[in-house]
There are 2 protein chains.
Amino acid sequence: MLDSQFQVLQLARDCMRWDQIDQQRCSIARSLSVVGERWTLLILRDAFLGTRRFDKFQQNLGITRHRLSERLSKLVKHSVLVKVQYNNRPPRYEYRLTRKGLALYPVLMSLVAWGDEWMNDGMGPPLELVHLNCGEKIHAVASCSTCGEPLRPEEVRPQLGPALMEVAARLESEGECIEEIQSLIRHS
Amino acid sequence: MLDSQFQVLQLARDCMRWDQIDQQRCSIARSLSVVGERWTLLILRDAFLGTRRFDKFQQNLGITRHRLSERLSKLVKHSVLVKVQYNNRPPRYEYRLTRKGLALYPVLMSLVAWGDEWMNDGMGPPLELVHLNCGEKIHAVASCSTCGEPLRPEEVRPQLGPALMEVAARLESEGECIEEIQSLIRHS
DNA sequence: ACATATCCGTTCCGAATTGGAACCAATATC
DNA sequence: GATATTGGTTCCAATTCGGAACGGATATGT
């Protein structure tokens, strides 16, 4: 009971270990607990470009076999990839994006857009993206799911959602100061 | 000369070390070389929620002071944050998002959207986002910079951009097989 | 039949990164 | 003069990582 509050507010310990961030009530922290490790997003980049087999991932990425094996297993465990047998004799497996994995496309595309604009070396983007829908060279923009306008930080107001509401209410009823509830928002 | 090709194709060494991914001609790899380390995106999440001071970051995140100091310095070095003196005596500093830092908003919002949908625990999202433009609770969608339609992986065709074109041309004139040029695309 | 190749990993060890805690310096406040 | 606050740095043990060798199941060449 008290424990879970402390977990959210991180008063239980001076510092939180990285392998515990999935316990935070924060969607970014939870996302990163699955895709936030070294190599993982690069593996997914390759998956979106069509790579499916262990060897190809290893060659394309230059990751060690050990690390690759570990990362792929974790992605399978979290249903971002599925391990599919594509050959009986000898038994051979490949890794394919699931719906959950495909849903990461916006994350990768926004990283591409940022890198193209802010990390280029003056030689233009390494890859160009042609949108078959409109035929133009394009980049990704984050826009509103309802009105379709591009999202700007100052026009988006974060507020306590259902998952945090009750925690906040309990804290308030126990006389916790507003500052700690604010801090809750920061952690969500 | 040959070195730079090997760098791109990663034939020079069996494996590439993580601290060298910024040398890849890949915008995702380059982006991750700045924001891909543990804690960094969580620090930026806090920055977008208004945190500016060393102590507040430390309290909110539960990161060690050492690590925080290192990450902030790196973000300042890459102009994602600026260190601004907000008090003369005693000299006190705070960290603010630059334009380059603000441009990371889509990355964070797409991580939030993915986490809300795929990593929730059945209690609804921790934070709700109200878009002042339309007044609704919304989430971020990646859409086309030209036609505005939501981006779907199968409708986006990646092709060699200027930064890779010349490398590919040189490889071809030297008789490298098409497979290695394909691999170039994968690395870009 | 036997050697070699391919694919998909695992095991092991030294090197690099991280977490945890203590320490430090400049100034404000009691 | 003692204690608190802000913004760090230093140090060491624990964890994670990179590199290279090894393994097992099967195909392929000779």
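Every value quoted in this text rests on a predicted model; they were computed, and no experiment measured them.
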Requested in this report: Just compare dT27(C), dG20(C), dT18(C) and give me whichever is closest to any side-chain atom of Pro90(B).
Outcome: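 Nearest listed nucleotide: dT27(C).
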**Report entry** Heavy-atom donor-acceptor pair, Glu128(A) side chain to Pro158(B) backbone, under 3.5 Å
**Finding:**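 Here the side-chain-to-backbone pair does not exist.
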With respect to the phosphate group of [N], does any side-chain polar atom (N or O) of [X] fall under 4.0 Å of OP1 or OP2?
| X | N | value |
| --- | --- | --- |
| Trp39(A) | dG18(D) | yes |
| Arg71(B) | dT18(C) | yes |
| Lys56(B) | dT5(D) | no |
| Tyr95(B) | dT6(D) | no |
| Ser69(A) | dG9(C) | no |

Requested in this report: Kindly compute the distance separating CG (Leu108(B)) from OG (Ser110(A)), expressed to the nearest 0.5 Å.
Outcome: 8.5 Å
Euclidean distance, atom [atom1] of residue [X] to atom [atom2] of [N] [Å, nearest integer]:
| X | N | atom1 | atom2 | answer |
| --- | --- | --- | --- | --- |
| Arg38(B) | dG20(C) | CZ | P | 11 Å |
| Trp18(A) | dA16(C) | CH2 | C1' | 18 Å |
| Leu42(A) | dG18(D) | CG | P | 12 Å |
| Lys74(A) | dG9(C) | NZ | P | 18 Å |
| Arg67(A) | dG19(D) | CZ | P | 11 Å |
| Glu37(A) | dG18(D) | CD | P | 11 Å |
| Gln58(B) | dT5(D) | CD | C1' | 13 Å |
| Leu68(B) | dA21(C) | CG | C1' | 16 Å |

Query raised in the report: Hey, what's the ring geometry for Phe48(A) with Tyr105(A), parallel, tilted or perpendicular (30° and 60° as the breaks)?
Result: tilted
**Report entry** Residue that, paired with Thr146(B), satisfies side chain to side chain contact (heavy atoms under 4.5 Å, CB included) out of Val141(A), Ile138(A), Asn133(A)
**Finding:**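 Option passing the side chain to side chain contact (heavy atoms under 4.5 Å, CB included) with Thr146(B): Ile138(A).
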Query raised in the report: Would a 4.5 Å heavy-atom cut-off, applied to side chains only, mark Leu151(B) and Leu129(A) as touching?
Result: no
Query raised in the report: Mind checking whether Pro91(A) and Gln85(A) have side chains closer than 4.5 Å, heavy atoms only?
Result: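 Pro91(A) reaches Gln85(A) side chain to side chain.
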Query raised in the report: If you look at every strand shown and take non-hydrogen atoms under 4.0 Å, does Glu94(A) touch a base, only sugar-phosphate, or nothing?
Result: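 Contact class for Glu94(A): none.
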Query raised in the report: Given the rule in the salt bridge (Lys or Arg N to Asp or Glu O under 4.0 Å) test, do Asp116(B) and Arg30(A) qualify, once you have shown the distances and angles that lead to the verdict?
Result: CA-CA 9 Å; Asp116(B) 281 348; Arg30(A) 288 179 184 182; over 6 Å; no
Produce the list of close N/O pairs, under 3.5 Å, pairing protein atoms with atoms of nucleotides 2-7 of chain C; give distances to one decimal.
residue : atom : partner  : partner atom : Å
dC7(C)  : O4'  : Arg92(A) : NH1          : 3.4

Query raised in the report: Taking for each residue the nucleotide of DNA chain C with the nearest heavy atom, is it Asp19(A) or Asn88(B) whose nucleotide lies nearer the 5' end?
Result: Asp19(A)
